[in-house]
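Structure first, then comments.
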Amino acid sequence: MPFTLEPSYDDNPRLQDLVVRLRSYLRDELIPYEREHGLTAETKLDRTTLEHVWKRSAELGFYGISLPPELGGQGLGFFELCALKEELTASGATLSHSVLGDMGGPLRVGAIVKYATEEQRERYLMPVVRGERACCFSLTEEDAGSDVRRMTTTTTPDGDGYVLNGKKVFSSAAPFADFAIVVARMAGEEETYSAFLVDLDTPGCTVLDGEVPMSGQQMEGDIVFDDCRIPAAGLLGEIGQGLRIGIGRITLNRLLHCPSLIGAARRAWDLSVAYAVNRVVFGQPLLAHQAIHHKIAEMATEIYAARSMVMATAAKADRGDNISVEANMCKLFTSEAAFHVADQAVQIHGKAGLTRGQEVEQIFRSLRMFRIVTGTTEVHKNAIAKALI
């Protein structure tokens with residue numbers, strides 16, 4: 001069949017069925033729900049709104065779909081998960097991040113379940129899988145981003161528990177989370193870090209509104225620990241495993257961010273074609289001009305190239321192969337290519353592309369962030385070169 005930017009997955013009946021059902025849910029339920037409630041990408045979301053999406057997505061089998069069956073999922077592979085993540089952002093749905101559980105949901109749980117005790121699973125993780133609780137991951141600090149070992153948040157053993165002090169920033173989902181997975185330095189130690197499950201209503205723990213990023217999305221918060229006492233049962237894994245828990249998921253995270261960027265670029269492409277068809281300049285549709293043809297062709301080619309390398313890497317991950325180099329390559333190429341697509345989309349839209357409130361303008365701001373978020377372009381280049389040379 002001829003090439004299209006909207007994949008059909010004819011060779012994978014299960015995935016094809018999932019994609020068709022997901023598109024139907026987004027088109028017929030979620031997007032109308034967002035319009036009815038006046039939700040935009042820059043709306044400050046409340047818990048009630050999010051729980052509506054969590055519960056409905058769970059009913060449809062999408063919430064936590066990649067988790068193993070024993071945790072309530074369907075054991076979806078990385079290739080299939082990437083396909084669904086692309087569809088979510090390609091739809092333009094504001095709440096797309098909550099359908100599979102990316103934002104504070106079960107996709108966070110999947111990365112840490114192997115470290116959790118049975119008690120921690122039942123108290124913290126399984127309620128997240130069911131859409132009853134939400135979590136956030138707190139690793140980054142103001143002076144400890146890519147250089148995570150500069151963190152100053154400390155934990156001190158004290159009797160039958162621990163005392164946390166410090167501040168974490170850019171904790172996605174913190175404004176509506178119930179607990180945080182916090183990585184801290186063991187007090188008095190240079191290179192010993194541990195992870196803890198911390199209820200956010202614990203005395204000495206305060207969640208503050210985070211800085212609003214250029215995308216305008218208000219989904220991050222800062223968490224301050226001031227002699228915050230947590231019980232010994234809050235230790236996740238063993239003493240000294242903090243960085244393994246906090247950073248060990250980064251390779252896959254870098255890969256799994258990519259399909260979302262591709263979907264957003266695909267949405268920008270769709271919006272650009274529709275605009276160029278309807279916009280009349282010099283007596284004919286904008287799309288009739290060769291310069292626009294060239295932009296549309298370049299955008300589609302970049303999307304195809306990014307998708308090809310991401311899906312090939314996802315398939316390799318499904319086989320259990322090491323993808324550390326490829327994941328960095330995927331994030332490097334996809335973030336740059338998707339942003340270039342968004343930049344071309346703004347150019348096609350002209351003044352409309354520069355206007356706040358226009359979807360393509362918001363996509364541009366959002367995609368610009370991902371040349372920095374979850375690893376800068378420069379960090380990826382360093383990692384790739386270090387691995388190859």
Side-chain angles (χ1 to χ4, degrees), residues 9 14-34 36-37 39 41 43 45-114 116 120-137 171-181 197 217 219 249 252-253 255-257 259-260 263 314:
Y9 303 106
R14 179 172 84 149
L15 179 56
Q16 184 182 46
D17 176 68
L18 287 171
V19 167
V20 168
R21 290 197 293 111
L22 180 60
R23 287 173 181 164
S24 175
Y25 167 56
L26 295 168
R27 180 186 64 245
D28 301 334
E29 291 190 47
L30 185 57
I31 292 175
Y33 173 81
E34 294 172 353
E36 179 184 348
H37 290 81
L39 302 177
T43 299
L45 300 173
D46 59 69
R47 183 64 176 260
T48 301
T49 299
L50 292 169
E51 285 182 345
H52 169 83
V53 182
W54 299 342
K55 289 183 165 107
R56 182 57 178 147
S57 298
E59 289 172 0
L60 296 171
F62 292 118
Y63 203 62
I65 194 171
S66 62
L67 294 177
E70 59 268 26
L71 289 178
Q74 297 182 34
L76 218 63
F78 296 117
F79 183 95
E80 295 168 313
L81 181 59
C82 284
L84 297 186
K85 287 172 71 72
E86 178 183 329
E87 292 302 319
L88 286 167
T89 47
S91 73
T94 294
L95 300 174
S96 62
H97 50 67
S98 294
V99 174
L100 301 181
D102 281 285
M103 187 58 61
L107 292 191
R108 298 282 183 184
V109 168
I112 66 168
V113 67
K114 64 183 178 182
Q120 290 171 337
R121 284 192 184 201
E122 292 305 312
R123 179 177 174 183
Y124 292 100
L125 307 188
M126 293 312 296
V128 173
V129 172
R130 294 191 295 266
E132 299 165 359
R133 302 191 81 190
C135 66
C136 64
F137 210 98
S171 292
S172 298
F176 48 81
D178 298 289
F179 67 93
I181 302 151
L197 294 168
Q217 295 168 300
M219 298 184 297
R249 62 195 184 93
L252 277 175
N253 271 6
L255 172 66
L256 293 176
H257 269 95
S260 298

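Since the model is a prediction, treat every value here as computed from it, not as a measurement.
When the side-chain hydrogen bond (donor to acceptor under 3.5 Å, both in side chains) test is applied to Arg47, the partners found at least two apart in sequence or on another chain are Glu51, Asp178. With sequence neighbours excluded, the residues forming a side chain to side chain contact (heavy atoms under 4.5 Å, CB included) with Ser66 are Leu76, Leu81, Leu107, listed by chain and number. Partners of Ala173 under the side chain to side chain contact (heavy atoms under 4.5 Å, CB included) rule, at least two apart in sequence or in another chain, are Met103, Cys136, Phe176. Applying the side-chain hydrogen bond (donor to acceptor under 3.5 Å, both in side chains) rule to Arg56 yields the partners Glu29, Glu59; only residues at least two apart in sequence or on another chain are considered. Here Phe179 pairs with Tyr124 under the ring pair (Phe, Tyr, Trp, His ring centres under 6.0 Å) rule; sequence neighbours left out. Residues forming a salt bridge (charged side-chain N to carboxylate O under 4.0 Å, His left out) with Arg27 (at least two apart in sequence, or on another chain): none. In this structure, Pro32 has no side chain to side chain contact (heavy atoms under 4.5 Å, CB included) partners at least two apart in sequence or on a different chain. With sequence neighbours excluded, the residues that form a side chain to side chain contact (heavy atoms under 4.5 Å, CB included) with Asp46 are Thr48, Thr49. Scanning for side-chain hydrogen bond (donor to acceptor under 3.5 Å, both in side chains) contacts around Gln16 gives Asp10, with sequence neighbours left out. Residues passing the side-chain hydrogen bond (donor to acceptor under 3.5 Å, both in side chains) test with Arg21 are Asp17, sequence neighbours excluded.
Using modelled atom types, one side-chain atom of Arg133 and one backbone atom of Arg123 make a donor-acceptor pair closer than 3.5 Å. Although no hydrogens or angles enter the test, the distance criterion places no donor-acceptor pair under 3.5 Å between the side chain of Glu87 and the main chain of Arg23.
Taking the side chain as every heavy atom from C-beta outward, Leu95 and Leu45 approach each other to under 4.5 Å.
Within the structure, the side-chain hydrogen bond (donor to acceptor under 3.5 Å, both in side chains) test picks out the following pairs touching residues 71-81 (sequence neighbours left out): Arg14-Glu80. Sorted by first and then second residue, the pairs that involve residues 89-103 and meet side-chain hydrogen bond (donor to acceptor under 3.5 Å, both in side chains), not counting sequence neighbours, are Lys85-Asp102.
Between Leu30 and the choices Leu88, Val99, Leu39, the side-chain contact (heavy atoms from CB on, under 4.5 Å) rule is met once, by Val99.
Across Ala177 and Cys135, no two heavy atoms sit closer than the pair CB-C, 3.8 Å. The two residues Val129 and Leu71 make their nearest non-hydrogen contact at CG1-O, 2.9 Å. Leu100 and Phe62 get closest at one heavy-atom pair: CD2-O, 3.4 Å. Between Ala314 and Leu255 the shortest heavy-atom distance is CA-CD2, 4.0 Å. Minimum interatomic distance between Ala134 and Trp54 (heavy atoms only, all atoms of both residues): CB-CH2, 3.6 Å. When all heavy atoms of Pro259 and Cys82 are compared, the pair lying nearest together is CB-O, 3.2 Å.
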Decide side-chain contact (heavy atoms from CB on, under 4.5 Å) for Leu125 and Gln120; before the verdict, give the C-alpha distance in whole Å, the side-chain angles of both, and the deciding distance to 0.1 Å.
CA-CA 7 Å; Leu125 307 188; Gln120 290 171 337; 5.6 Å; no
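With rounding to the nearest 0.5 Å, the separation of CG in Leu256 from CZ in Phe78 is 6.5 Å. Rounding to the nearest 0.5 angstrom, the gap separating the CD atom in Glu132 from the NZ atom in Lys55 is 7.0 Å. From Leu84, atom CG reaches atom CD1 of Ile65 across 5.5 Å, with rounding to the nearest 0.5 Å.
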